[in-house]
Amino acid sequence: MNAANVNRFSKWTYVFLLFTALCCLFTPAVSVKKENFKTCSQSGFCKRNRDYADSAATTSSWSSPYALDPASIKFDKGQLTGNVIKTLATTGQSVRLPITISFLESGTARVTLDEEKRQTGDIELRHGSKARKERYNEAEKWAIVGGTQLSAGAAISKGSETGTTKVIYGPMSKFEAIISHSPLSIDFKRDGVTQVLLNERGLLNMEHWRPKVDKPAKEIKEGEEASEPVEDPAAEDESTWWDESFGGNTDSKPKGPESVALDVTFPGYEHVYGVAEHTGPLSLRQTRGGDGNFDEPYRLYNADVFEYEMNSPMTLYGSIPFMQAHKKDSTVGVFWLNAAETWIDIVKSKSAANPLSLGIGSETDTKTHWFSESGLLDVFVFLGPTPKDVVGAFTGLTGYTQLPQHFAIAHHQCRWNYVTDEDVKDVDRKFDKFNIPYDVIWLDIEYTDGKKYFTWDPMTFPKPIEMQEQLDEHERKLVAIIDPHIKNEANYPIVDELKSKDFATHNKDGNIYEGWCWPGSSHWVDCFSPAARAWWASLFQYKKFLGSAHNLWLWNDMNEPSVFNGPETTMPKDNLHHGGWEHRDVHNLNGLTLVNATFDGLVARNKEEEKAGGVRPFVLTRSFYAGSQRMGAMWTGDNQAEWSHLKESLPMILSLGVTGFPFAGADVGGFFGNPEKELLTRWYQAGAFYPFFRAHAHIDTRRREPYLLPEVERGIITQALRLRYALLPTWYTAFHAASTSGEPVVKPMYYVHPGDEKGFSIDDQMYLGSSGLLVKPVTQEGATSVDIYLPDGEKYFDYSDYTQHKGPGHVEVEAPLEKVPLLMRGGHIFPRRDRPRRSSGLMKYDPFTLVIVLGNAGDAEGDVYLDDGESYDYEQGAYIHRHFKYDAETVSLTSTDLSMAGKKTKAYLDEMKSVRVEKIIIVNAPASWKHKSEVRVAEEGASKSSEAKDVPLKWFAGESGKADWAVVRNPGVTIGGGWKIDFSLDSKA
Ligand code: NOJ
């Protein structure tokens, strides 16, 4: 929230707020204060780079002034180095820009451009600034964790044409990078076809260092009138080179203009996805005006955008500068590794005739233009060919999401605020009284003593440990908020330490920076400093965060950082961080560094616990960058209790999933405002399919815990929650896949069916992992049915009554209020746990149900992954990972092992040996089973058929469009064991 310090409110402010709150009851929508955030034309470098693009487009003789000096080129062990020369149009002088093009073992190429003068410190800073002189070159330290091994096989091709250097690389040498020297451009090909072009439009721009030249003021003689200055049309726009003002703040820009820009063209690609976080459709819009297009570029500058609007390219809380381009059966991508303010323009145009793409793919080119205020030009190019390959390569670099603790993927209950420890205990009891499952209750900022983090308000939370103990009785957890602003107040040991140890961010003069946030006057911990990070991490020790118990986890909010009185509600760009880097250079990484330190703190805290090896941390963050996915979950910030916000939460979450951040959710119910009961009910049904599933509400809203709703809605919400809990094994299996391959947990149509063009723009329905479950939450008021798009000719069955649908095409699915439109795709098997419990922790030893959905071919397959749900023991083999396959030919279902044995395998399997499969449901069971009454079950290792046992099967006819189905109860097999069930026994009838 972007308001002044609450503690300082006068009586009149309260009266005013009360009045405003009352007004809010009658005002349906609130909207963002756009004037608080820059448009492109108000951001100096954005305007300059857009102008540059315009002159390139309108100047017939335009030629990019950047050329690679052929004499400088060297190639060694998968890496090309050389010098790019920028020739200045005005003076003909040249600027030297060292370039490195790395070809990685993974098949990814990386182009890095620096500036020699800044690199060697041969520049002068203005205003006596103590900032570093280099372009920021440490983003990779934060974002990249692997996959940078250079390719031994990459080689310069002898057949390069004059004026070009051709490098062959990638899997089976199928990729080529053709580097044209003058002007510099790079053409990336796969199988001989161009996929990605860099600097094709000549928009490469690296604003080089130059000293400020003060123009002499024209002398005015006595009696003469001052004339208007005459503009030199060829002169560059210097108006924001040396300082820049916005909203009453002036940024001193001691290093002058230093932006970097590049155009990236995807020839033949009509759809681009990614560059989270924004509202609007998953398939990104054009940004340079025209019907249905935005006229502003997508912006990435992490900010506390209060009351953000729908369908907008405005920046939000987090940034992932990774984009995928997609056409039929082909996906490619780029990752722009830069942590400064960044904007991306997108235009699409009819493709220049490309005979090689005739008949396949789109006839549209997507042309993108990326610009960042400072830092290196550092871009990674991925050549696919599938969405899985591209997302896999990107997350191979930036890391996979941590396998979350099991409770973290269950249902969370939050509000600003539960006001006392008794209140928390009461809410906890009420959930039980109404039999509504939940795992985690959350505390917002009011639990602290005067907004001093790591303390408890002694009046309202006198017994935090008792409170956590009550939660623990049902395996429940508490999440408490800890923000990065530290109250600047006497007798607060944390701020004293922050100051005395010099761990805070500094202002441009090198003094500790002071600004305003929830506590009033505050300082900000500088987690770019290793020592500050270690200190921050140490604060989570139980002996330091008194009152915290082993079931307390963390929420890092306001970490963009949000500064109420700062420019664009954040820190001044000329603030200084550890190592002398300006805030401008690192802004988008700020949130990541804090979460990193919190995560480390929890790992260390947990090591103190009895459980050897510790337990996995849980941290929720609002601000993020590429790589933050390694540390936990994110949510989409302060949404509103509006249908439009419910609707747009789906493309937002899908977009995060395909940009490597699968553990994402939106505030269920909407943060601002009071949702009416239909909206709240539908939101819970949708939330049950968010990877991160938390209800949350603003301090001014009415209480809306599900048990407070009338019986009908309460019952429906409870059913949605039970559905989530029943499917937790499927969710956990999907999270396991995400944590080992980077793939999304909920997947958009294009990702699962990359060849089906009709699905490329669809972003309101999604698949859950690889389970074949396809959900389309209702996001429209009053709807009683939804239109679901089926991409293929496979059979799909309604989850609740097995009504059969067949694609390809659109089908109408009934969706009265009590129903979440959910289909099961033929050909899949997914696991469930059907016993209703109060929390997921209590389900640990519950039996499983396997649902086998037979499709056109009569076969089905699927997986289950499970472990203790909390520790790292799975790294030593303490897990179960089974593959289930129903084979139509042998008419049998088998469970085979996908695990790798380790030191702890046996102990875990022993612990789980009584966890059985209690039910097998076969949807679309063959009609020939009508008189079948038994199946034969053989456990692994059973050599003689006499050791097999026969178990009853019951077959049911589906009526009026519903599929036939069958059930085997108590087959007598365990979830962790190997077995085979033979369905081919002759009918006894
Ligand atoms: C802003 C967060 O977005 C919101 O979820 C939280 O309730 C408030 N800060 C108060 O901490």
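Whatever order the structure lists ligands and atoms in, that order sets their numbers, starting from 1.
Results of the ring pair (Phe, Tyr, Trp, His ring centres under 6.0 Å) test with His412 over Phe618, Trp635, Tyr438, Tyr690 single out Phe618 as the only residue that passes.
Contacts with ligand 1 closer than 4.0 Å are made by no heavy atom of Asp483, backbone or side chain. Contacts of Trp635 with ligand 1, taken as heavy-atom pairs under 4.0 Å, involve the side chain alone. Only the side chain of Trp555 comes within 4.0 Å of ligand 1, judged by heavy-atom distances. The part of Arg622 lying near ligand 1 is the side chain, judged by heavy-atom distances below 4.0 Å.
Side chains of Gln541 and Ser538: a donor-acceptor N/O pair is absent below 3.5 angstrom, by distance only. Under the 3.5 Å distance criterion, with hydrogens and angles disregarded, no donor-acceptor pair is assigned to the side chains of Glu277 and Thr636.
Near Asp638, with a cut-off below 4.0 Å to any heavy atom, the atoms of ligand 1 are 1 (C), 2 (C), 3 (O), 4 (C), 5 (O). For ligand 1, the atoms lying closer than 4.0 Å to a non-hydrogen atom of His696 are 4 (C), 5 (O), 6 (C), 7 (O). Close approach of ligand 1 to Ile481 is summarised as follows: ligand atoms under 4.0 Å from at least one heavy atom of the residue are 11 (O). Of all the atoms in ligand 1, the ones that sit under 4.0 Å from a non-hydrogen atom of Asp557 are 1 (C), 2 (C), 3 (O), 4 (C), 6 (C), 8 (C), 9 (N), 11 (O). Those atoms of ligand 1 with a heavy atom of Phe671 less than 4.0 angstrom away are 4 (C), 5 (O), 7 (O).
Residue Asp444 has at least one N or O atom closer than 3.5 Å to an N or O atom of ligand 1.
With sequence neighbours left out, Ser644 forms a side chain to side chain donor-acceptor pair (under 3.5 Å) with no residue at all. Checked against salt bridge (Lys or Arg N to Asp or Glu O under 4.0 Å), Arg299 has the following partners two or more places apart in sequence or in another chain: Glu341, Glu568.
Within the structure, the closest approach of Tyr317 to ligand 1 does not fall below 4.0 Å when heavy atoms are considered.
Using a 4.0 Å cut-off between charged nitrogen and carboxylate oxygen, Arg622 and Asp304 count as a salt-bridge pair. Of the charged side-chain nitrogens involved, at least one lies within less than 4.0 Å of a carboxylate oxygen, so that Arg703 and Asp423 count as a salt-bridged pair.
Between Trp456 and Phe461, the angle of the ring planes lies from 30° to 60°, which puts this pair in the tilted group.
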